[in-house]
Amino acid sequence: MQKLKTLLQDFSHRKIFWPLVAIAVVLLINLIITPSFFRIEIKNGHLFGSLIDILNRATPLIIMAIGMTLVIATGGIDISVGSIVAISGAIAATLIQTMPVPLAIVITLIAAIICGMWNGMLVSGIGIQPMIATLILMTVGRGVAQLITNGQIITINNNVYSFIGTGYLLGLPFAVFIAAAVILVIFFLTRKTAMGLFIESVGGNSISSKYAGIKAKRIIFQVYVICGICTGIAGLIISSNIKSADANNAGLWMELDAILATVIGGTSMSGGRFYIGGTVAGALFIQSLTTTIYSLGVPPETILVVKAVVIILVCLSQSNEFRSLLSGIANQRQKKVIKA
Amino acid sequence: MAEKDIILQMKGISKYFPGVKALSNVDFTLKKGEIHALMGENGAGKSTLIKVLTGVHKLDDGEIYLHGKKITPKSPLDAQKSGISTVYQEVNLCPNLTVAENIFIGRQPKKNGNIDWNTMNEKAQKAMERLNIYIDVKQLLSSYSVAIQQMVAIARAVDISSGVLILDEPTSSLDNNEVKELFKIMNKLKEEGMGIIFVTHFLDQVYEVSDRITILRNGTLIGEYKVEELPRLELVSKMIGKELEVLEHMPKERKQKDEEDENYIIYAKGLGKKGSIEPFDLKIKKGEVIGLAGLLGSGRSETAKLLFGIDKSDEGVLYIDNKMFTSMYPKKAIDQGLAFCPEERKVEGIVGELTIRENIILAMQASKGIFKYIPMKKQQEIAQKYIELLNIVTPSMEQRIDKLSGGNQQKVILARWLSTEPKVLILDEPTRGIDVGSKTEIQKLILSLAAEGMTIIFISSELEEVVRCCDRVIVLRDRLQIGELTGDDLQESMIMKTIAEGGQ
Amino acid sequence: VGCGSSSTTTSEAPASTEQTTQEAKTEEAPAAPVDEKIVIGFSQIGAESGWRTAETESIKKTCEEDPMIELKFSDAQQKQENQIKAIRTFIAQGVDAIALAPVVESGWETVFTEAKDAGIPIILLDRMAAVDESLYTTFIGSDFIEEGRRAAQYVIDTFGPDAEVNIVELQGTVGASAATDRQKGFADAIKDYSGYKIIKSQSGDFTRAKGKEVMEAFLKSDGDKIDVLYAHNDDMALGAVQAIEEYGLQPGKDIIIVGVDGVKDAFQAIADGKYNCTVECNPNLGPQLVQAVKDLKAGKTLEKWIKSDEDVYFGQKAIDALPTRTY
Amino acid sequence: MKKKFHISQNNITIIATILLFFLLFLFGSVTYKGFFSPQVFLNLFIDNAYLITIATGLSFVIITGGIDLSVGALVALVSMISADLLNKGVHPVLVIVLVLILGIVFGAFQGTLICKFKIHPWIVTLGGMFLARGTAYLISTDSIVITDELFNNISKFKIPVFGKSYVSVSVVIALIVVMIAVYISKYTEFGRSIYAIGGGEQSALLMGLPVEQTKILVYVFCSFCTALGGLMFTFYMLSGYALHCNGMEMDAIAGCVVGGILLTGGYGYVIGPLFGVLSMGVIQTIIMFQGTLSSWWTKIAIGFLLLIFITLQRVIVIQKERNKTVIKTQRKTQKTQHNAQSIG
Ligand SMILES: Nc1ncnc2c1ncn2[C@@H]1O[C@H](COP(=O)(O)OP(=O)(O)OP(=O)(O)O)[C@@H](O)[C@H]1O
Ligand SMILES: Nc1ncnc2c1ncn2[C@@H]1O[C@H](COP(=O)(O)OP(=O)(O)OP(=O)(O)O)[C@@H](O)[C@H]1O
Ligand SMILES: [Mg+2]
Ligand SMILES: [Mg+2]
């Protein structure tokens with residue numbers, strides 16, 4: 001019993017604890033309002049249900065947020081991800097009209113890598129502040145995407161390509177497998193090689209890291225590239241899911257969600273320690289919140305307020321100061337009760 | 001004991017950090033017009049006591065009385081308002097402000113309600129001159145070395161102080177002359193009736209200025225003594241909790257210059273950087289312990305940084321093991337078997353957010369590259385080995401390094417470089433902030449490493465230490481090599497003499 | 001105040017035609033020499049949708065093909081303040097007419113007055129501005145409320161006035177006038193039919209991705225009750241069509257789909273039987289704009305509202321129209 | 001500012017910005033007809049007065065090492081509330097006062113969350129952004145026209161500068177705000193504490209500065225400036241609309257950064273945002289005068305010009321810093337000698 005308690009206590013100190021609690025609360029609200037919410041049935045040979053939907057919908061955000069997490073861990077930020085989503089969607093949609101899907105995908109990913117390299121070069125090479133460096137690509141990127149699509153929405157009629165975003169494998173959405181693969185690869189890269197240590201070290205203190213022999217600039221460059229690739233993959237999933245490339249709106253404001261997911265997951269905006277699990281939980285939380293809002297029939301003009309309140313509450317619950325304030329008040333109450 | 005003489009009284013102070021009992025039931029009294037030394041090993045709880053007193057940490061138990069009145073400082077601001085001014089162990093100033101501002105921030109002189117910059121600069125200039133430092137106070141703090149920054153912090157505290165002055169290892173990065181200036185000021189303040197709490201690891205300094213000594217060990221109070229009544233050896237054994245056997249002079253066999261052997265492990269030829277260090281030649285043989293001595297800003301650190309490739313040289317070449325290099329950067333230097341333990345621990349050394357284990361293996365991992373990740377078990381072994389070897393006080397190796405005491409942080413950085421098993425180890429002020437016991441341990445370690453064939457470049461402001469460890473000492477002044485001392489010449493007095501005369 | 005007369009310093013750089021336009025302007029005489037090019041400054045909202053790009057293209061193309069016209073184009077990136085800046089710039093450059101597709105209705109008073117003071121007529125495109133009638137010359141475009149009504153009419157025609165119909169609505173960007181008006185028009189039209197209920201209404205931000213996502217959520221919560229989907233633009237509806245297919249229902253049959261805009265993809269979807277009706281909102285305003293400017297130059301007075309030709313497309317009519325669609 | 005003027009790490013970026021600003025204006029003048037006129041120049045101020053005010057407020061936050069993403073949304077809220085209240089017949093002066101108080105309260109709310117509960121400013125102000133815009137939606141999703149006489153008069157009031165050219169009331173207010181901000185940043189304890197906190201929050205705390213209080217005040221100041229900027233924007237637009245200034249926070253941040261304020265905190269002059277915003281305004285004006293770019297090329301061109309601008313700025317800064325080290329160390333050598341002699 002005691003052991004279980006300490007185990008629980010230990011877990012509640014983990015960064016992933018609070019986002020998971022938040023998800024649980026959101027899902028519970030759903031369950032109360034729509035009792036069938038947790039039902040998962042098999043339809044047309046694949047799993048089907050709200051939970052699966054959330055999982056499926058969250059994949060692009062999860063993938064992007066993971067890339068963003070690494071960038072934030074180095075003390076940077078990448079606000080160009082929304083535009084990179086648009087670019088990769090546009091390129092893929094244009095290319096598959098004339099070439100085989102795998103080749104188109106490869107070229108798209110190369111383009112995403114180039115975007116990442118561009119950001120990385122501006123930040124680590126020229127030394128421009130990350131937010132401004134990526135602001136440039138944020139502006140230019142959407143322009144480039146529109147240039148590619150000529151400002152029109154390109155509809156994709158390619159079953160192979162649309163499998164990425166809408167297909168099912170072993171009863172689960174294929175995109176979930178992609179996300180799982182990305183999570184695994186990044187997890188392997190950061191926790192089974194020294195990459196993660198280096199990223200955290202550079203984010204924690206880049207001068208010390210340099211003195212210790214870490215090539216800080218190179219690490220910073222690399223995380224922007226990784227972020228580029230992740231975003232490129234997310235762009236592919238998004239465009240394939242709606243079977244079209246929308247240069248104007250694809251990924252619009254997604255950078256904010258990605259940053260939010262990262263921070264809710266426990267990674268600090270000032271760099272240093274990062275938590276991939278936390279980020280995934282954060283992204284899932286954001287998506288379940290969004291889906292909940294849609295299915296609960298919240299009037300669209302109130303969505304923002306609801307979102308704001310939830311975000312602030314979640315972050316308050318993560319704040320030690322707030323919790324100690326609460327427990328302080330609770331203690332006082334108790335004392336008063338005892339006195340009375 | 002006359003009650004009215006007591007300025008500050010702390011009773012039954014306890015402070016717990018997760019997994020650490022930093023202070024338990026400690027009493028402390030400070031009298032009017034005394035300098036009170038607070039002594040103890042690394043991690044004994046000295047800084048914590050000070051931080052509790054000044055409201056940085058919330059105390060878990062105990063009471064504080066100032067002038068007989070109970071106080072509960074909630075922040076350094078509170079403490080400052082009630083007349084306690086503090087120089088904390090790490091330099092805690094703002095690098096982006098000028099020296100003058102750092103001294104006066106929060107209490108700037110005003111004219112018609114506006115900050116009067118001219119008066120402020122003048123006053124700051126005077127405050128620094130009082131410490132015998134002549135610098136341009138209108139420059140940013142970051143353009144000065146740690147030592148100067150330390151003096152700025154002292155100048156600030158001295159200027160504020162109105163009852164209690166606390167100095168937590170103020171002398172660790174100062175040289176003798178500056179220490180002398182500081183002591184002059186301290187004595188003057190003492191005569192004015194101020195109470196001064198003084199933390200240091202230099203026994204000489206304790207005996208030079210202090211009136212009383214309070215000793216902490218492992219967060220508990222060992223006792224309070226008059227200086228006259230506590231001989232050195234007893235002080236040390238009370239601090240470390242056992243009889244001291246190591247402190248006597250270590251016999252040192254100096255390696256003699258072997259003129260025939262032309263095989264240098266380090267050979268710098270005309271290496272220099274404009275505006276930073278004049279071109280110099282440096283020849284070091286395998287297994288030598290070579291010291292760099294000089295005053296503040298004489299270019300010792302700069303020489304080391306140039307060798308290690310942190311600063312890029314713009315002329316000359318460097319041979320390491322007879323391999324020629326015209327450009328250098330840290331990774332390359334590490335690959336060539338160099339290691340550099342930098343002087344500014346907080347800025348250049350620790351990565352505060354990482355654990356002790358990670359901080360230790362950082363350099364080793366960097367040289368191995370990303371893909372040869374050291375297995376966790378191996379990491380733990382290495383960390384454990386050095387925690388034991390260097391006697392690092394910590395609840396676990398997974399503790400964040402910035403939760404360690406200053407001296408223990410320094411040991412971790414030392415461990416980082418020792419673990420790379422370098423051929424040439426450059427140590428810039430490695431014993432800064434390290435307690436007497438450990439200091440001797442480290443000196444012994446250096447000597448034994450040298451005996452095993454490691455080459456060591458040793459930079460220290462403590463000439464005694466330099467003399468004790470080095471085979472050869474190079475004296476610098478104004479970014480120029482002005483002399484070299486070996487054999488019997490290698491004595492503190494000779495170094496001083498060279499510095500004073502050499503350049504002329 | 002007289003901004004047109006301020007620039008005299010940089011004479012070599014620009015083309016001489018502009019120079020003379022400048023002079024013509026300074027006289028502020030309506031009877032400008034006919035052989036001079038007429039300069040139109042056009043401030044577009046942005047390129048947030050294919051529809052708007054089509055509008056831009058139409059205007060650019062018409063102006064290019066017309067030797068009499070020179071176009072100054074400025075993209076406001078969805079920001080009203082940028083449009084105001086653009087209008088100020090046009091005034092400074094001394095154009096002959098300013099065309100504006102206002103991003104919102106309100107807030108134009110000051111800058112329109114400035115244009116009026118400078119003697120430059122303002123022509124509003126596709127959206128109205130809530131200003132005094134004297135401040136603009138004419139409005140070319142359609143009526144969003146009417147579009148909403150037409151969409152509702154189609155639904156009512158399909159099901160009959162007494163049917164019980166559950167409708168879900170995909171709104172445009174919250175606050176956008178197209179969204180507000182199309183919602184209003186639709187709601188007005190079904191008000192009198194008690195069987196017609198909007199059971200869910202949510203914003204899909206005018207995008208396919210959001211349209212699909214929101215529709216998914218609708219389907220999950222109300223799945224089999226939904227009879228009609230009304231979307232404020234075709235893109236959202238097209239996204240929703242995918243969601244419906246993936247849910248296992250047949251769009252166009254199990255759920256009637258009605259959208260607004262008349263983009264080509266919607267026509268294609270109608271042809272494929274997945275879509276029922278699209279209410280046209282014509283972006284090809286170029287010819288009408290150029291004509292209006294020319295009329296103005298010729299001294300004619302224009303109507304206050306030049307309506308664009310629009311229609312409602314469904315069934316065979318849509319399939320027949322498919323090959324001629326340009327956007 | 002009696003202090004002798006010298007180029008330092010602190011002011012080099014802003015000098016570079018001012019230089020580049022005039023170069024850009026020159027470029028526009030020789031390239032486009034009608035560009036070189038007093039009114040075009042003054043329009044830069046008129047069109048950007050609100051942004052200048054907001055960026056100046058924001059620069060305080062950035063100097064402490066924080067950020068405020070809620071500024072754009074707060075402007076929308078301010079415009080909405082003003083329009084709504086005016087429509088309901090509230091006296092315009094009262095509206096102005098109320099709205100400014102709203103700014104203060106909003107800033108205090110965000111500041112408290114950030115400082116008392118140690119939640120990262122990015123998140124708090126992102127929440128604040130949703131909250132402000134969401135509240136604006138709740139008031140109305142339509143845009144509301146302001147017909148109030150006072151607002152209209154202020155909006156149309158022209159202050160002649162020279163000849164026929166003029167500026168608006170907002171420009172004057174904005175310049176006053178900038179001046180006050182410069183004064184605060186340079187001549188008050190509060191202002192200097194902001195820099196200290198940016199240089200190292202922990203250090204500032206240990207030096208006995210009221211860190212928490214100062215930071216909360218900074219957020220209050222920023223939101224107050226934003227509310228004021230929001231009012232100017234409302235004068236400018238004469239309408240309330242929940243979608244006003246969507247994404248404007250990026251413009252404000254970019255204005256600060258281009259004006260030489262370091263996002264990591266501690267460095268930069270608060271006069272910087274003025275020039276940062278003006279520089280971006282020039283870029284935009286050039287693009288508008290260009291007049292043939294399609295929508296996407298507009299985006300690309302803006303980004304490209306911004307890139308050139310920032311890169312040039314970096315180049316100048318790096319160049320100067322390099323020269324600087326040499327000069328400084330030479331001077332120091334003499335002092336060291338002085339020290340050594342006093343020992344010998
Ligand atoms: N913020 C903290 N969190 C957790 N543990 C801490 C923290 N600060 C100090 N400690 C622990 O408290 C103990 C006392 O540390 P303190 O800094 O007071 O030592 P010290 O006597 O000043 O040593 P030194 O001579 O090395 O400076 C150490 O074991 C240290 O690890
Ligand atoms: N007394 C001084 N006056 C002015 N500048 C100084 C002084 N001392 C050091 N500096 C500056 O500090 C910087 C660091 O010097 P450096 O690290 O080479 O000194 P050092 O010989 O290693 O001495 P220490 O490490 O004890 O400070 C140099 O840029 C130097 O100009
Ligand atoms: Mg200590
Ligand atoms: Mg040094």
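FYI, side chains are in, hydrogens and waters are out, and symmetry mates aren't considered; it's all heavy atoms of this structure. In the text below, chain A, chain B and the rest are named by the order of the sequence lines, each starting its count at 1.
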So the salt bridge (Lys or Arg N to Asp or Glu O under 4.0 Å) pairs with at least one residue in residues 39-48 of chain D (sequence neighbours excluded) are C/Arg88-D/Asp47
Any chance you could lay out the side-chain contact (heavy atoms from CB on, under 4.5 Å) test for D/Leu51 and C/Glu81, step after step, and finish with the verdict? CA-CA 11 Å; D/Leu51 195 55; C/Glu81 55 274 28; over 6 Å; no
Heaviest contributor of heavy-atom pairs below 4.5 Å to chain D, chosen from C/Val111, C/Asn82, C/Val131, is C/Asn82
Is C/Lys304 atom NZ crowded by more than 12 heavy atoms from other residues, nucleotides or ligands, each under 6.0 Å away?
yes
Neighbour count above 12 (heavy atom, 6.0 Å) for C/Lys85 NZ: yes
From [X] atom [atom1] to [Y] atom [atom2], the distance as rounded to the nearest 0.5 Å:
X	Y	atom1	atom2	result
C/Ile91	D/Asn43	CD1	CG	8.5 Å
D/Thr141	C/Gln183	OG1	CD	7.5 Å
C/Thr89	D/Tyr32	OG1	OH	12.0 Å

*asked:* When you compare the side chain of D/Lys156 with that of C/Glu114, does any pair of heavy atoms fall below 4.5 Å?
replied: no
**Report entry** Side-chain heavy atoms of C/Val103 within contact of D/Tyr241, under 4.5 Å
**Finding:** no
With a 4.5 angstrom heavy-atom cut-off, could you sort out which part of [X] is near chain C: side chain, backbone, both or neither?
X	value
D/Val40	side chain
D/Ile146	neither
D/Phe289	both
D/Trp297	neither
D/Gln290	backbone

When the 4.5 angstrom heavy-atom criterion is applied to C/Ser43 and chain D, the contacting part is neither
Bottom line for C/Gln80: the part with an atom under 4.5 Å from chain D's heavy atoms is both
Side chain to side chain donor-acceptor pair (under 3.5 Å) filter on C/Asp143, not counting sequence neighbours, yields none
What one should report as the nearest heavy-atom pair of C/Val174 and D/Leu243 is O-CD1, 3.5 Å
request  = Answer with yes or no whether the side chains of C/Gln93 and D/Lys33 bring together a donor and an acceptor at under 3.5 Å.
outcome  = no
Exercise for review: Please report the C-alpha distance between D/Asp251 and C/Lys79 in whole Å, then the side-chain angles of each, then the deciding distance to 0.1 Å, and finally whether the side-chain contact (heavy atoms from CB on, under 4.5 Å) criterion is met.
Suggested key: CA-CA 12 Å; D/Asp251 297 338; C/Lys79 287 187 189 138; 3.3 Å; yes
Exercise. Determine, step by step, whether C/Thr110 and D/Tyr236 satisfy the side-chain contact (heavy atoms from CB on, under 4.5 Å) criterion, reporting the C-alpha distance in whole Å, the side-chain angles of both residues, the deciding distance to 0.1 Å, and the verdict.
Key: CA-CA 8 Å; C/Thr110 319; D/Tyr236 185 73; over 6 Å; no
